[in-house]
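In what follows, a single structure is set out as structure tokens and then discussed.
Keep in mind it's a predicted model, so treat the numbers as computed, not measured. Below, chains carry the letters A, B, ... as their sequence lines are ordered, and counting in each starts from 1.
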There are 2 protein chains.
Amino acid sequence: MDDIDRALLAALQRDATQSYAALAATVGLSTGAAHERVRKLREQGVIRRTTVDVDPAAVGRGVLAFVMVEANAWMGDSPTHEALSALPEVEEAHVVAGPASVLVKIRVGTPEQLQASLRRLFGVEGVTGTRTIVVLETFFERPLDPRPPTAAP
Amino acid sequence: MDDIDRALLAALQRDATQSYAALAATVGLSTGAAHERVRKLREQGVIRRTTVDVDPAAVGRGVLAFVMVEANAWMGDSPTHEALSALPEVEEAHVVAGPASVLVKIRVGTPEQLQASLRRLFGVEGVTGTRTIVVLETFFERPLDPRPPTAAP
DNA sequence: GCTGAAAGGGGCGGGTT
DNA sequence: AACCCGCCCCTTTCAGC
């Protein structure tokens, strides 16, 4: 994992459809070498998968909300994981520290569907309450910066 | 945008490296037809981009937090957008309804870097406070479900 | 709009320095 | 570990239905 690997990651995040030849050119390597490095990044799990970024509004999921789920028991376990995973509108689920137990990211089509989704969350074992944050506008959602995190001023 | 398009999106989300021939087989179309449909999905902006999913821990960003940013003025504007975008550790930024003005998703390497990042957030014009939710464990982060959102029981 | 086939380009495996 | 060169498969296109 050196600077060339990070450059490859950044280039692939920007456009994973580009050829290995183009990729190699941007990082200053031969095609084969670039290919070999990317293969290893996949093998090591640094690249988890190659995927497409779909516009939520185009598939009827233009409403975004974050829901802080409160519970009367420990929710950081497998049954909770599976119960949340079974809800297709839940895009992310995190066990968190703080007033809530779990934070989930939800995408639906309408406020009515948001209400229905909250009702479903209450159906998950142990859930005693929810605090919902509705998103009015998304400034950006972007791929993780592969550069090493440094606290510049 | 029909069921075949949604099936194509789901297949591409799962693995965007697969050939158009394989893609065509899974949706029951010829190679050329599948290719043409995907081309149109890109052209229409339904597929925003093809990218790679990078493991945060592998690039030194194993600490995840959500920060609710409070402000003394309206933050849903371009200057705020740009100020947050300039911070590489900020992966997402949303204007939200509720007690906070903006919700940001932050990835750093250590608690010290999280502290440094919060300090930088206070440097953004108008920010008067932050409430931080630290993630202990991520259950899942997955691609958006391209199927139409329906409130099943 | 889908099918099927034809042609060009690139992925991907060798061996070599 | 990176370069060079090979074949082969996949992408891309076009005529036809």
Calculate the interatomic distance between Leu23(B) atom CG and dC9(D) atom P; express it in whole Å.
20 Å
Would you indicate which nucleotide in dC3(D), dG10(C), dC2(C) comes nearest to any side-chain atom of Ser19(A)?
dG10(C)
Exam field: side chain Asp55(B) to backbone Ala57(B), donor-acceptor pair closer than 3.5 Å
yes
Could you state the atom-to-atom distance from CZ of Arg39(A) to C1' of dA1(D) in whole Å?
12 Å
Leu12(A) atom CG is separated from dG11(C) atom C1', nearest whole Å, by 14 Å
Is there a donor-acceptor pair closer than 3.5 Å between any side-chain N or O of Glu89(A) and the backbone N or O of Asp145(B)?
no
Atom pair distance, as rounded to whole Å: NZ in Lys40(A) and C1' in dC12(C):
15 Å
P spacing across the pair dT11(D) / dG13(C), given as an integer number of angstrom:
16 Å
I'd like to know whether CZ of Arg131(A) has more than 12 heavy-atom contacts from other residues, nucleotides or ligands below 6.0 angstrom.
no
How long is the line joining NE2 of His35(B) and P of dT3(C), in whole Å?
15 Å
Against the side chain of Ala33(B), the closest entry in dC12(C), dT11(D), dT3(C) is dT3(C)
Side-chain heavy atoms nearer than 4.5 Å, only ILVMFWY residues, links allowed to pass through others: does that put Met75(A) and Ile106(A) together?
yes
Roughly how many Å is it from CD in Gln18(B) to C1' in dG11(C), rounded to a whole number?
16 Å
Ignoring backbone atoms, establish whether Arg37(A) has a side-chain N or O less than 4.0 Å from OP1 or OP2 of dA2(D).
yes
Between C1' of dA1(D) and CG of Leu29(A), the distance in whole Å
10 Å
Atom OH of Tyr20(A) to atom P of dG10(C): distance rounded to whole Å?
14 Å
